[in-house]
Amino acid sequence: MSEPKTEIIETDLLVIGGGTGGPMAAIKAKEANPKLRVVLMEKANVKRSGAISMGMDGLNNAVVPGYATPEQYVKEITVANDGIVNQKAVMAYATGSFPMIQYLDKLGVKFEKDGSGEYNMRKVHHMGTYVLPMPEGHNVKKVLYRQLRRLQVAVTNRYMATRLLKGADGRIAGAVGVNTRTSEFLVVKAKAVILACGAAGRLGLPASGYMFGTYENAANCGDGYAMAYHAGAELANLECYQINPLIKDYNGPSCAYVTGPFGGFTANNKGDRFIECDYWSGQMMLEFWRELQSGNGPVYLKMDHLAEETISEIETILHTNERPSRGRFHERRGNDYRKQPVEMHISEIGFCSGHSASGVAVDEFARTTVPGLYAVGDMASVPHNYMLGAFVNGGIAGADAAEYCANVDLAAHDEGHLAAEKERVLAPTRREDGLTPHEMEFKTRRLVNDYLEPPKVTAKMRIGQRRFAEIRDDLSALCARDPHELLRALEMQTILDCADMAAAASLYRTESRWGFYHLRVDHPETNDDEWFCHTALYKDENGQMAHAKRAVDPYIVPVEADEMAAYHQLRVKTPAAAE
Amino acid sequence: MPIITHAKSAAVVIDDAKCIAEKGCTVCVDVCPLDILAIDEGRQKAFMKYDECWYCMPCEADCPTGAVKVNIPYLLR
């Protein structure tokens with residue numbers, strides 16, 4: 001390849017990631033200040049990128065007046081996370097939840113309503129009622145795109161951001177992007193940057209062996225986590241992995257949130273219910289895993305007892321929204337919800353605060369620990385945030401960043417850092433032969449499965465770290481023969497960074513917490529005396545991975561001790577399965 | 001080490017008779033989140049170039065002529 005060109009542009013606010021939270025951040029920044037220059041950088045195409053490329057089948061965490069209060073929601077999420085939450089950030093989400101639903105409704109996103117036009121809320125969580133179906137939720141991305149155009153947000157598609165740039169004073173100064181089809185650089189100088197790059201969904205390897213058969217959109221491979229880490233931001237509670245109960249092999253949601261309110265439930269091979277609540281918590285996943293270990297598996301999602309019209313309605317929702325190809329998967333297998341239950345399994349691991357709590361540490365304004373840098377959505381540390389949380393926190397970040405930009409100048413980035421980053425990016429293109437991005441990614445992810453999956457064993461995780469270090473040495477042989485291979489080569493390095501972070505974070509917290517998400521065989525008890533705290537992982541001044549404990553801020557919504565245990569009693573009280 | 005190639009079956013299938021890439025259409029290529037589709041320069045038809053499909057289906061849903069079919073990749077079918 002000849003040496004790719006570099007274009008340098010200047011803006012006020014750069015939003016990286018055009019999926020869910022990113023577009024809403026750009027929209028709300030523009031609404032706060034129409035004169036603000038906003039650039040939205042996207043690795044794919046904003047029209048169809050991110051976790052909701054085909055829409056969404058429902059809101060999982062809607063705080064709607066008459067069904068739940070923000071205080072109830074904050075309490076529920078505090079309990080579901082064993083108390084380790086920043087309640088202010090959860091409260092910022094909860095109070096923004098209903099206004100955001102109304103805003104999306106006004107823009108044209110369709111939510112299920114009853115005959116009198118009220119939102120048709122359903123119960124799935126252990127305590128409150130937060131689920132709002134979206135049987136016609138397939139147009140969310142179109143609605144967002146229309147609003148981005150209306151507000152004249154500048155969109156750059158097919159640029160992968162690779163590193164953040166900082167000024168001498170530690171403030172954010174912009175980011176480096178590389179075009180995924182030409183390998184040309186785009187350097188965006190910005191006063192503030194909002195990271196909205198989604199989950200680290202390509203961390204473990206799916207059991208099928210198909211590298212892109214992930215739960216998350218496979219483009220969401222942890223770029224935001226890696227960029228925040230290299231910029232010196234703190235990441236919180238990464239040991240609280242994302243692990244989901246999914247349709248076996250298809251590796252997508254089945255989805256209990258949709259089917260639960262209609263009477264579907266998770267069952268063992270005898271057709272019996274074994275958990276009281278299908279809400280995706282670490283404790284629920286632990287009971288799921290125990291059921292598989294006990295010989296009562298497979299675990300199924302059971303719907304064959306439901307009436308025909310109910311099943312038809314479920315099929316319409318599940319096979320036209322979010323992951324419509326699940327209908328095609330079932331058809332080819334001969335799976336019919338009417339005749340047999342759907343076989344489920346436990347997914348590979350990832351980072352995703354959307355469903356767990358592992359993310360870049362943010363406060364209630366979505367600010368990270370680096371001045372001028374924000375994080376939102378699946379990659380930010382507000383737990384169990386789902387799609388609506390990405391919208392709400394994206395909006396919060398956009399409005400806050402607009403105000404921040406009004407009061408600061410552009411920071412000057414370090415030219416030496418930019419030159420070094422360009423050289424790092426291009427290194428795999430300088431080689432004629434060597435190791436391919438696919439095989440290096442496959443091996444990294446296979447080792448993640450072998451050594452990092454719960455139940456977490458100290459000795460195994462240490463072997464994992466040694467093997468990741470060997471792969472890091474092998475990066476000197478990584479070869480990319482065209483821009484597409486370079487995209488995968490850069491993603492592979494992101495995945496390796498996330499694998500190192502997952503191992504280090506898991507080793508640091510020497511207790512068990514969050515059910516299956518952080519089940520440590522060598523430290524099986526929950527130890528509130530020493531570990532009732534957030535863990536922070538960051539790159540120290542010597543470039544080494546470092547850790548610290550961060551206190552849980554005093555609660556703004558008190559939780560009684562007996563309430564705190566609510567999610568610990570999810571197993572149905574029938575003869576217990578052997579362990 | 002020298003790099004070798006290795007054959008894979010394509011999960012995304014394009015009906016050449018319906019594909020209008022020769023008229024300048026690139027919709028399926030544009031919307032793919034994984035950037036795995038391309039236009040064959042000789043035949044002027046879309047095709048699946050990389051075995052990196054998330055079976056998400058924007059390519060099929062957005063194709064103006066219904067030329068694209070997303071099958072579940074064989075490994076997880």
Side-chain angles (χ1 to χ4, degrees), chain A residues 19 42-51 53-55 138 141 157-158 180-181 201 206-220 247-252 320 322-326 328-333 431-436 438-439 477 479 481 483-485 487-488, chain B residues 1-15 19 21 24-42 44-77:
Chain A
E42 163 58 45
K43 187 158 72 169
N45 186 312
V46 171
K47 283 182 183 170
R48 286 295 198 181
S49 57
S53 64
M54 290 297 278
H138 42 78
K141 290 290 288 185
N157 287 319
R158 302 292 171 192
T180 63
R181 292 176 176 173
S208 66
Y210 192 67
M211 285 165 67
F212 293 79
T214 47
Y215 168 72
E216 299 291 344
N217 184 325
N220 295 353
I247 302 169
K248 188 173 182 302
D249 299 339
Y250 180 80
N251 220 26
T320 59
E322 192 183 358
R323 299 305 309 276
S325 61
R326 49 194 159 190
R328 200 158 286 179
F329 172 81
H330 290 317
E331 192 184 341
R332 186 138 197 153
R333 286 274 174 104
R431 301 174 191 117
E432 298 289 314
D433 55 27
L435 299 168
T436 66
H438 266 216
E439 61 195 340
C479 177
R481 299 168 298 172
H484 185 84
E485 285 190 357
L487 160 68
R488 296 289 176 247
Chain B
M1 280 185 285
I3 290 170
I4 56 171
T5 53
H6 168 161
K8 296 279 181 74
S9 59
V12 180
V13 180
I14 315 290
D15 183 341
C19 176
C25 180
T26 58
V27 168
C28 61
V29 177
D30 292 342
V31 297
C32 175
L34 279 306
D35 210 11
I36 67 167
L37 305 175
I39 308 296
D40 185 301
E41 287 188 13
Q44 285 295 298
K45 298 290 173 190
F47 74 108
M48 179 173 167
K49 188 172 178 187
Y50 302 99
D51 183 29
E52 300 167 339
C53 179
W54 188 51
Y55 39 101
C56 53
M57 298 182 30
C59 54
E60 180 175 319
D62 294 350
C63 173
T65 62
V68 183
K69 172 90 191 276
V70 177
N71 296 294
I72 304 293
Y74 180 72
L75 288 186
L76 40 101
R77 198 177 287 167

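Computed over heavy atoms, backbone and side chain alike; hydrogens, waters and symmetry mates excluded. Chain identifiers are assigned alphabetically (A, B, ...) following the order of the sequence lines, protein sequences preceding nucleic acid strands; residue numbering begins at 1 within each chain. None of the values given here were measured: they were computed from a predicted structure.
The main-chain N or O of A:G201 is never found under 3.5 Å from a side-chain atom of A:N220 such that the two would form a donor-acceptor pair. In this structure a side-chain-to-backbone donor-acceptor pair under 3.5 Å is missing from B:D15 to B:A67. B:Y55 places a side-chain N or O within donor-acceptor distance of the main-chain N or O of A:Y250, the cut-off being under 3.5 Å.
Using a 3.5 Å distance cut-off with no hydrogens or angles, the side chains of A:Y210 and B:D51 do pair a donor with an acceptor.
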Hey, can you pull the donor-acceptor pairs under 3.5 Å for the side chains in residues 25-36 of chain B, sequence neighbours left out?
| unit_1 | atom_1 | unit_2 | atom_2 | d |
| --- | --- | --- | --- | --- |
| B:T26 | OG1 | B:D30 | OD1 | 3.4 |
| B:T26 | OG1 | B:D30 | OD2 | 3.0 |
| B:D35 | OD1 | A:R181 | NE | 3.2 |
| B:D35 | OD1 | A:R181 | NH2 | 2.6 |
| B:D35 | OD2 | A:R181 | NE | 3.0 |

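For a residue to count as touching a neighbouring chain, one of its non-hydrogen atoms must lie under 4.5 Å from one of that chain's; by this rule A:R326 does not touch chain B. When heavy atoms are compared at a cutoff of 4.5 Å, B:P58 approaches chain A by way of both its backbone and its side chain. For A:E216, the part lying near chain B is the backbone, with the side chain staying farther off; criterion is any non-hydrogen pair under 4.5 Å. Contacts of B:L76 with chain A are made by both backbone and side-chain atoms, with heavy-atom separations under 4.5 Å. Heavy atoms of A:H138 lying under 4.5 Å from chain B are absent altogether. Looking at A:M211, neither its backbone nor its side chain comes within 4.5 Å of chain B, counting heavy atoms on both sides. For B:Y50, the part sitting under 4.5 Å from any heavy atom of chain A is the side chain, from C-beta outward, and nothing else.
Considering only heavy-atom pairs separated by less than 4.5 Å from chain B, the leading option among A:G252, A:A218, A:A219, A:C479 is A:A218. When the candidates A:T214, A:V46, A:T180 are compared by the number of heavy-atom contacts under 4.5 Å with chain B, A:T214 comes out ahead. Ranked by heavy-atom pairs under 4.5 Å with chain B, the list A:R488, A:K43, A:R333 is led by A:R488. When each of A:E432, A:K47, A:E439, A:H438 is checked for heavy-atom pairs under 4.5 Å with chain B, A:H438 comes out on top. Counting heavy-atom pairs closer than 4.5 Å to chain B, the top residue among A:A207, A:P206, A:S49, A:S208 is A:S208. Among the candidates B:E52, B:M1, B:M57, B:K49, the residue making the largest number of heavy-atom pairs closer than 4.5 Å to chain A is B:E52.
The two atoms that bring A:R328 and B:V70 nearest to each other are NH1-O, 2.8 Å, heavy atoms only. Residues B:F47 and B:I39 share a closest heavy-atom pair of CE2-C, 3.8 Å. Taking every heavy atom of both residues into account, B:Q44 and B:E41 meet most closely at NE2-O, 3.1 Å.
Applying the salt bridge (Lys or Arg N to Asp or Glu O under 4.0 Å) test to B:D62 and every residue at least two apart in sequence or in another chain returns A:R48.
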